[in-house]
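What's counted below: heavy atoms across the whole structure, side chains too, no hydrogens, waters or symmetry copies. The structure presented is a predicted model; accordingly, all values stated were derived computationally and were not measured.
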Amino acid sequence: MDRYPPIAEHGLVGDLQTAALVSSHGVVDRFAALRFVSPSIFAALLDHDGGGHFRIAPGNPDMTCKQLYYPDTAILVTRFLSPDGVGEVLDFMPPDRTRTATDRHTLVRLVRAVRGTVEFTLGCRPRFDYGRAEHRLDVDSSGARFRAPITDAYLQATFPLDGNGLDVFGTVRLEAGNFPQAFTHLALITAAGTLDEALDAEHGR
């Protein structure tokens with residue numbers, strides 16, 4: 001994993017209220033909620049060691065990575081090509097249908113094998129407010145919950161997640177053509193108590 005990939009090696013996904021940067025190696029290294037200018041959840045683009053990131057990608061060091069968007073959509077495709085197979089991560093953030101400001105944002109990461117067999121590894125290491133805000137982690141069969149003073153983040157997955165300290169890890173092996181085993185997905189959901197309370201807390205009011 002490149003510690004500080006250039007901006008040109010990233011794609012952008014968003015929901016019209018905030019956005020995430022995803023590197024060509026499948027790493028979310030910049031994401032803030034509730035708004036673009038809110039304190040960060042992932043900021044490894046600025047501080048690799050202390051900023052936090054959300055990675056899901058094959059572990060094969062010989063893989064080649066490419067990024068593209070599905071035509072006429074904001075769905076980002078990160079493609080991994082290796083001797084063992086071809087895998088993809090599809091990232092998108094569904095906008096709120098009410099078209100009003102909301103304290104709830106969802107980053108969906110769909111993982112699939114296109115050819116052969118691909119083993120993906122996951123590492124979710126949030127560091128709230130550029131690593132200045134402490135959080136605690138709860139993991140159970142339904143997923144993981146990261147609890148921070150202003151914003152909570154929930155990670156849901158269709159494969160088992162393991163907690164280690166403040167972070168979550170997992171592994172899933174997918175085989176192309178074996179539906180539904182060729183697909184899996186994750187959803188990172190952020191939410192605050194109320195939008196007004198969260199924004200007031202951000203600005204020290």
Side-chain angles (χ1 to χ4, degrees), residues 1-3 5-15 19-31 41-42 44-45 52-95 105-126 139-144 146 153-164 167-190:
M1 176 172 135
D2 190 347
R3 288 175 62 85
I7 292 295
E9 293 295 320
H10 289 78
L12 179 76
V13 295
D15 62 1
L21 284 174
V22 186
S23 80
S24 59
H25 283 75
V27 181
V28 178
D29 55 14
R30 181 70 178 97
F31 177 55
I41 296 175
F42 305 114
L45 186 64
H53 66 264
F54 181 10
R55 179 182 188 271
I56 183 160
N60 192 323
D62 299 324
M63 65 184 178
T64 301
C65 308
K66 297 182 179 180
Q67 278 188 326
L68 63 147
Y69 286 94
Y70 271 125
D72 302 317
T73 77
I75 299 174
L76 177 68
V77 181
T78 305
R79 185 170 294 157
F80 305 94
L81 301 93
S82 73
D84 298 326
V86 177
E88 291 181 342
V89 177
L90 285 69
D91 289 296
F92 62 95
M93 294 183 66
H105 306 277
T106 303
L107 170 64
V108 179
R109 313 201 74 187
L110 175 66
V111 186
R112 65 182 183 182
V114 178
R115 177 176 60 80
T117 301
V118 185
E119 184 172 276
F120 289 87
T121 59
L122 173 148
C124 187
R125 304 181 62 226
V139 182
D140 57 29
S141 59
S142 64
F146 304 90
Y154 309 83
L155 180 61
Q156 301 170 340
T158 52
F159 55 91
L161 300 173
D162 297 313
N164 185 353
D167 308 324
V168 168
F169 301 91
T171 302
V172 61
R173 188 177 181 88
L174 302 177
E175 183 178 348
N178 187 13
F179 187 84
Q181 284 76 24
F183 293 82
T184 191
H185 77 276
L186 307 119
L188 180 71
I189 304 167
T190 61

Peer 1: Tell me whether the rings of F120 and F80 are parallel (<30°), tilted (30 to 60°) or perpendicular (>60°).
Peer 2: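 Perpendicular: the ring planes of F120 and F80 meet at over 60°.
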Peer 1: Who passes ring pair (Phe, Tyr, Trp, His ring centres under 6.0 Å) against F146, sequence neighbours left out?
Peer 2: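 Here the qualifying residues are H135.
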Peer 1: Distance alone, cut at 3.5 Å: any donor-acceptor contact between the side chains of E9 and S24?
Peer 2: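 Yes.
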Peer 1: If you measure only the distance, is there a donor-acceptor pair under 3.5 Å linking the side chains of D29 and H53?
Peer 2: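 Judged by distance alone, the side chains do not pair up.
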Peer 1: Given 3.5 Å as the limit, does a donor-acceptor pair link the side chain of R115 with the main chain of L81, or not?
Peer 2: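 No, because the side chain of R115 does not come within donor-acceptor range (under 3.5 Å) of the backbone of L81.
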Peer 1: Give a yes or no answer on whether the side chain of R3 reaches the backbone of A44 with a donor-acceptor pair at less than 3.5 Å.
Peer 2: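 Not at all, since once roles are kept as given, no pair shorter than 3.5 Å links the two residues.
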Peer 1: Can you tell me how far CG of D167 sits from CG of L161, rounded to the nearest 0.5 angstrom?
Peer 2: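 One finds 12.5 Å between CG of L161 and CG of D167.
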Peer 1: Just by distance, do the side chain of Y69 and the backbone of G11 share a donor-acceptor pair under 3.5 Å?
Peer 2: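 Here the side-chain-to-backbone pair does not exist.
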Peer 1: Considering non-hydrogen atoms only, spot the tightest contact between P5 and L45 and give its length.
Peer 2: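 Distance-wise, the nearest heavy atoms are O-CD1, 3.7 Å.
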Peer 1: Work out which heavy atom in V118 is nearest to a heavy atom in P58; give both atom names and the distance.
Peer 2: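 V118 and P58 have their closest heavy atoms at CG1-CG, 3.7 Å.
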Peer 1: Taking atom types as modelled, find out whether S82 and D84 have a side-chain donor-acceptor pair closer than 3.5 angstrom.
Peer 2: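 No, D84 and S82 have no side-chain donor paired with an acceptor closer than 3.5 Å.
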Peer 1: Evaluate V13 against L107 for side-chain contact (heavy atoms from CB on, under 4.5 Å), listing each step before the verdict.
Peer 2: CA-CA 9 Å; V13 295; L107 170 64; 4.0 Å; yes
Peer 1: Could you tell me the separation between the CG atom of L21 and the CZ atom of F31, rounded to the nearest 0.5 Å?
Peer 2: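 Rounded to the nearest 0.5 Å, the CG-CZ separation comes to 11.0 Å.
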Peer 1: Give a yes-or-no answer on whether the side chains of Q67 and T78 include a donor-acceptor pair shorter than 3.5 Å.
Peer 2: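 There is such a pair between these side chains.
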